[in-house]
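Contents: one structure, followed by commentary.
Ligands are counted one by one from 1 in listed order, and the atoms in each one are counted from 1 as well.
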Amino acid sequence: MNELGALARTAGAEVVGTMTQRLPHPDSNTYLGKGRVQELSDIVRQLNCDLVIFDDELSPTQQRNLEKLLDARIVDRTALILDIFAQHARSREGILQVELAQMEYWLPRLSGQDVEFTRQAGGSRGATGGAGGAIGVRGPGETKLEIDRRRIRSRISDLKEAIEDVRKQRAIHRRQREAQAMPVVAVVGYTNAGKSTLFNTLTEAGVLAENMLFATLDPVTRYIVLPNHQEVLFTDTVGFIQKLPTKLIAAFRATLEEVVEADILLEVVDISHENAIEQSETVTEILDELDALDKPRVTALNKIDLVADPSDIDTSLYANAVPVSALKNQGLDVLLTTIAQVIADNMALVDVLIP
Ligand code: GDP
C-alpha cells in the first residue's frame, strides 16, 4: 500500500487514506465485501474523494459496480501504472507502446460509450490540484483521442504497425543522439527510492543551471555542471514497480529508452528498505534485458539518514556506491565527484579505443 500511495502521488493524486480487507477471494461483483464497500462509500462521501484506486486489476464488472456504489471514479493498479507511463513516455515508441497498452486495457471495458483520453496541459508528474480527477484516462502525446469500441480495434492494429516502423528507424535516431557531446546520466531505480527528491536536490543545491538551455530540455532532464566543470544532462526515468502486470512490460521497456541511450546510469537505491538488495538485483536484471548492463553505473545508496548504523551496509554489493540522503542533502558532493570520475574514466577509455 505504501508503494501504491507513492505511485498515486507520482500520478498527481493527493492520498487521503488507505483501506485493506482480508478475504479468501475478491468478491466477483464488487472486489471488496459488502460491509467494506459501505464503509468505503461513507469515507468517500465524508472526505469528498473523487478517485478510489485499487491495488489489483479489477474486472470490467467490478469496476462498473464500484463506480456506481461509491459514486467516485475507480482506477485499478494497471490503469494507474499506465497513467504514469503515459506521463513519462517521450520517445515515439514509448508513446505508441503506452497508447497500445491503454487501448488493450480499455477494449473489454468499453460498454458502447466513448471514452476520452486526454492529456492535460501541465498535468505532468507531481502536479496537484485537480489532476487526480483525470488519472487513468490520460493518454500519451499531445493529441486528444476520442475512441469508441468500433474504432479501437483498428487503432490497435495501426499502433502495432507504427511500432514496427519505429523500431526500424530507432538505429538512425540513436546515431543522432550519439553525436551530442554532453554525457547523459539516466537515473534509474524503484519507485519511492527517492529519484525525484535526488533530482530536485541536485538541481537546487547551488548547481549551475543555464536557463536558456533549460528551456529546451524536456521536463525530466536537467543540465548540471559537475565539480570538475564537466557538463552533463541528468534524465529521470519511470520508476520500477513491484508486481508489474505482465501486459505492461512492453510499455514499461519502451519508456526506458533513455536508459538505452544514456552514457552513464545513476541507480538510486532506498538503502533503508528491507528489500534493498533484491530491488537492486531486479534493476540489474532489467538493465540486462535492455542490453544496458555494460554501461558505467554509479549507485546512490539513498535515505542513509534512516539507517541506524551505516557501517553495516555492504557497499561492495553495488557499483560505485555512495551513501547519500537526498532529503537531508548529505553526500551529494561525493556523489557528483564520483559521477565525474566515472565519466572521466569512461571518456579516457573511448580516447584509447578511438585514437
Ligand atoms: P521516487 O518515486 O523514486 O521519485 O521517490 P521520491 O523522490 O518521490 O521519494 C519517495 C519518498 O521518500 C518521499 O516521501 C521522500 O520524501 C522520501 N525520501 C527521498 N529521499 C529521502 C532521504 O534521503 N531520506 C529520507 N528519510 N526520505 C527520503
Side-chain angles (χ1 to χ4, degrees), residues 1-18 53 55 77 80-90 124-128 131-132 135 185-205 218-222 224 234-244 248 252 255-256 258-259 262 265-276 278-280 282-284 286-287 297-310 312-313 315 318 321-336 338:
M1 289 308 273
N2 283 338
E3 191 204 48
L4 190 73
L7 291 175
R9 278 186 288 269
T10 300
E14 184 195 343
V15 180
V16 294
T18 61
I53 306 175
D55 192 30
R77 184 178 170 85
L80 175 66
I81 293 171
L82 275 173
D83 188 274
I84 294 169
F85 287 177
Q87 305 312 305
H88 268 81
R90 273 155 293 132
S124 58
R125 66 183 311 197
T128 50
I135 290 170
V185 182
V187 185
V188 297
Y190 262 82
T191 284
N192 218 30
K195 292 189 296 106
S196 327
T197 309
L198 181 66
F199 217 64
N200 292 333
T201 312
L202 282 180
T203 34
E204 282 162 14
D218 63 60
V220 292
T221 302
R222 297 274 189 283
I224 289 179
F234 275 68
T235 183
D236 197 6
T237 67
V238 67
F240 294 17
I241 293 161
Q242 282 158 32
K243 58 168 187 156
L244 183 68
L248 304 194
F252 170 64
T255 56
L256 281 174
E258 300 78 19
V259 170
L265 304 177
L266 172 59
E267 181 189 348
V268 184
V269 175
D270 176 356
I271 201 64
S272 71
H273 197 287
E274 54 180 355
N275 296 332
E278 288 79 6
Q279 292 190 340
S280 182
T282 308
V283 170
T284 298
I286 292 168
L287 292 176
R297 213 188 320 173
V298 173
T299 316
L301 302 178
N302 192 32
K303 309 197 189 180
I304 196 76
D305 57 295
L306 297 179
V307 177
D309 187 359
D312 276 350
I313 297 166
T315 52
Y318 309 91
V322 182
V324 302
S325 169
L327 196 65
K328 304 265 159 82
N329 201 345
Q330 290 165 6
L332 299 186
D333 41 351
V334 182
L335 181 67
L336 291 179
T338 307

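Here atom 15 (C) of ligand 1 lies nearest to T197 when heavy atoms of N302, T197, N200, N329 are compared. Heavy-atom proximity to atom 28 (C) of ligand 1, evaluated over R9, Q330, K195, K303, is greatest for K303.
Considering backbone and side-chain N/O atoms, L327 comes within less than 3.5 Å of an N/O atom of ligand 1. Checking only distances, I304 never comes within under 3.5 Å of ligand 1, N or O to N or O. For the pair G194 and ligand 1, the shortest N or O to N or O distance falls below 3.5 Å. Residue-to-ligand polar distances place A193 within reach of ligand 1: an N/O pair is separated by less than 3.5 Å. Inclusion of T191 in the set of residues having an N or O under 3.5 Å from an N or O of ligand 1 is not warranted.
Atom-to-atom distance recorded for N302:CG and Q330:CD is 10.0 Å, nearest 0.5 angstrom. The structure places CD1 of I84 at 5.5 Å from CD1 of I241, a figure rounded to the nearest 0.5 Å.
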Could you walk me through whether R9 and V15 pass the side chain to side chain contact (heavy atoms under 4.5 Å, CB included) check?
-> CA-CA 7 Å; R9 278 186 288 269; V15 180; 3.8 Å; yes
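With hydrogens and angles ignored, the 3.5 Å screen pairs no side-chain donor or acceptor of T191 with any backbone N or O of L7. Put simply, the side chain of K195 never gets that close to the backbone of V188: no donor and acceptor are under 3.5 Å apart.
Within 6.0 Å of the CG atom in D312, the count of heavy atoms belonging to other residues, nucleotides or ligands exceeds 12.
Near Y190, meaning under 4.0 Å from any of its heavy atoms, are these atoms of ligand 1: 3 (O). Heavy-atom contacts of L306 reach the following atoms of ligand 1: 26 (N) (cutoff under 4.0 Å). Those atoms of ligand 1 that come under 4.0 Å of a heavy atom in S325, given as number and element, are 22 (C), 23 (O), 24 (N).
At a 4.0 Å heavy-atom cut-off, ligand 1 touches N192 through backbone and side chain alike.
A search for side-chain contact (heavy atoms from CB on, under 4.5 Å) contacts involving S280 returns E267, V269, Y318, not counting sequence neighbours. Partners of F252 according to the ring pair (Phe, Tyr, Trp, His ring centres under 6.0 Å) rule, which considers only residues two or more places apart in sequence or in another chain, are F85, F240.
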